[in-house]
Amino acid sequence: MKSWVDISERRLATNYRLLTEAASVGMSVLAVVKADAYGHGAAVCAPVLVRAGARWLGVTDAQEGAAVGEALAAAGVAASERPDILVMSGLLAEDADAIVQHRLVPVVWDRQQMEWLADAVDGYGKGLRQRVHLEIDTGMARQGVRAGAELKAVLEYLSQHPSLELDGVMTHFASAEVAGSPQTLEQRTRFEQAMREVSAAGLRPAWIHAGNSSTIDNSASPQTDTLVWLRQLAGEYGARAMVRPGLGLYGYCLPIECADCSNDKHAEARVRPELQPVMTWKTRVIGLREVQAGETVGYNATFVAKQPMRLALLPVGYADGLRRELSAATGIDGGWVMVQGQRAAIVGRVSMNLTVVDVSGITGVAVGDEVVLLGDGVTADDHALLAGTIAYEIVCGVRAPSRLGA
Ligand SMILES: *Cc1c(COP(=O)(O)O)cnc(C)c1O
């Protein structure tokens with residue numbers, strides 16, 4: 001195997017607990033396992049999260065939802081322990097049947113989606129009710145229905161179609177990692193408006209949910225704590241409050257920024273320092289060679305050895321998700337891997353399926369030795385910094401089979 005991902009069951013369960021504790025009493029936690037659990041393998045991670053207590057999981061589409069449901073059953077999660085699975089990123093006509101059949105709960109926001117679902121439910125005979133969660137667009141302008149006339153039409157449709165049950169109302173924040181974000185405050189106000197309209201239409205959702213990992217992490221200041229707001233709002237409508245962390249479960253979180261850094265004293269992280277990376281992406285040395293001073297390494301000879309070096313060859317490259325921005329050239333440091341707990345610098349360009357690292361300073365490296373590409377000592381944040389992106393994209397980009405480890 002070229003490379004693989006070891007998943008720390010203990011860290012995943014601990015991160016889930018830390019986020020749940022930070023979200024605090026009265027707040028349910030939906031564990032987001034979309035995008036194959038952010039590259040960690042949903043089939044491996046979902047059962048761990050369920051055993052850690054997750055009663056809701058979040059996926060992107062119906063196919064992911066069906067696969068997660070099957071993975072839970074295969075992992076021995078009893079039907080009575082099966083969590084609800086929220087399909088968060090829309091649906092097409094052809095998904096409606098799968099949603100009903102696999103007992104998934106879709107997020108909806110327009111009439112057409114609800115018509116597809118109502119048709120699919122009717123196809124399953126009388127009396128069946130399909131739960132849906134309604135997304136309110138409070139400022140992302142990505143998906144969701146806006147408060148006012150648009151929402152009114154959707155609520156009318158729901159009131160007239162008892163085969164659809166409004167189980168939840170939710171929204172998503174655009175700037176959750178910004179402490180005291182005026183945008184978040186505006187989104188909150190729009191969501192309150194939408195909830196008044198939902199209630200006026202006589203609908204009583206069981207769940208009200210909003211927020212991601214950063215919303216939990218950004219709850220250190222009572223003035224800007226969106227979770228306090230969410231809990232109060234849910235209380236007003238007799239619903240249960242829920243927050244939806246994803247990245248934090250896997251041990252990463254964006255740094256908290258402040259809307260006005262000059263006088264914001266609340267840009268404090270609630271859980272980020274305690275979270276631990278769950279993924280250790282590993283490979284093995286497949287070759288070793290010595291080069292002399294003056295020899296070049298890799299495509300376009302961007303790296304010239306200054307002194308004799310011992311180089312190790314790794315069977316991974318950008319096709320596997322090892323970013324090409326980690327390449328090193330003479331005078332420009334790139335990324336590194338961990339060998340025997342020590343840093344081994346990437347040498348020359350990361351290629352499609354191969355990467356060369358410097359093991360001159362590490363004794364006894366042999367072909368077949370394990371190498372850590374991502375994990376303790378070399379984090380997704382390190383890769384993100386070099387690649388000019390965020391940890392989300394790094395972990396999602398890892399293309400390797402995952403398996404459960406300690
Ligand atoms: C991905 C996603 C989340 C989780 O976000 P993180 O930043 O990874 O915690 C929450 N809610 C929705 C709707 C999402 O799409």
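In each ligand, atom 1 is the first atom listed, and ligand 1 is the first ligand listed.
Residues Met242 and Met170 have side chains not in contact (no heavy-atom distance under 4.5 Å, counting atoms from C-beta outward). Side-chain contact between Val107 and Leu86: present, with at least one pair of heavy atoms (C-beta onward) separated by less than 4.5 Å. Contact check for Leu72 versus Pro83: side-chain heavy atoms found under the 4.5 Å cut-off. Counting heavy atoms from C-beta on, the side chains of Glu192 and Leu233 come closer than 4.5 Å.
The minimum heavy-atom distance between Asp217 and Arg272, with the atom names listed, is OD1-N, 2.9 Å.
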**Q.** Verdict with reasoning, Arg231 to Ser24, per side chain to side chain donor-acceptor pair (under 3.5 Å)
**A.** CA-CA 10 Å; Arg231 210 177 289 117; Ser24 87; 2.8 Å; yes
**Q.** Verdict with supporting geometry, Arg343 and Asp382, salt bridge (charged side-chain N to carboxylate O under 4.0 Å, His left out)
**A.** CA-CA 13 Å; Arg343 282 188 183 202; Asp382 295 326; 5.5 Å; no
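For ligand 1, the atoms sitting less than 4.0 Å from at least one non-hydrogen atom of Leu247 are 6 (P), 8 (O), 9 (O), numbered in the order shown with element in parentheses. Near Tyr38, meaning under 4.0 Å from one of its heavy atoms, ligand 1 places the atoms 1 (C), 4 (C), 5 (O), 6 (P), 8 (O).
Looking at ligand 1, you won't find any N or O of Arg142 less than 3.5 Å from one of its N or O atoms. Of the N or O atoms in Ser213, one or more lie within a sub-3.5 Å distance of an N or O in ligand 1.
Considering only non-hydrogen atoms, atom 2 (C) of ligand 1 lies nearest to Lys34 out of His209, Lys34, Met88, His172.
Considering only non-hydrogen protein atoms, atom 7 (O) of ligand 1 sits nearest to Tyr392 OH, 2.5 Å. The nearest heavy-atom contact from the protein to atom 5 (O) of ligand 1 is Asn212 CB, 3.3 Å. Shortest contact from atom 11 (N) of ligand 1 to any protein heavy atom: Arg244 NE, 2.9 Å.
Residue-level proximity to ligand 1 for Pro245 is carried by the backbone, the only part with a heavy atom below 4.0 angstrom.
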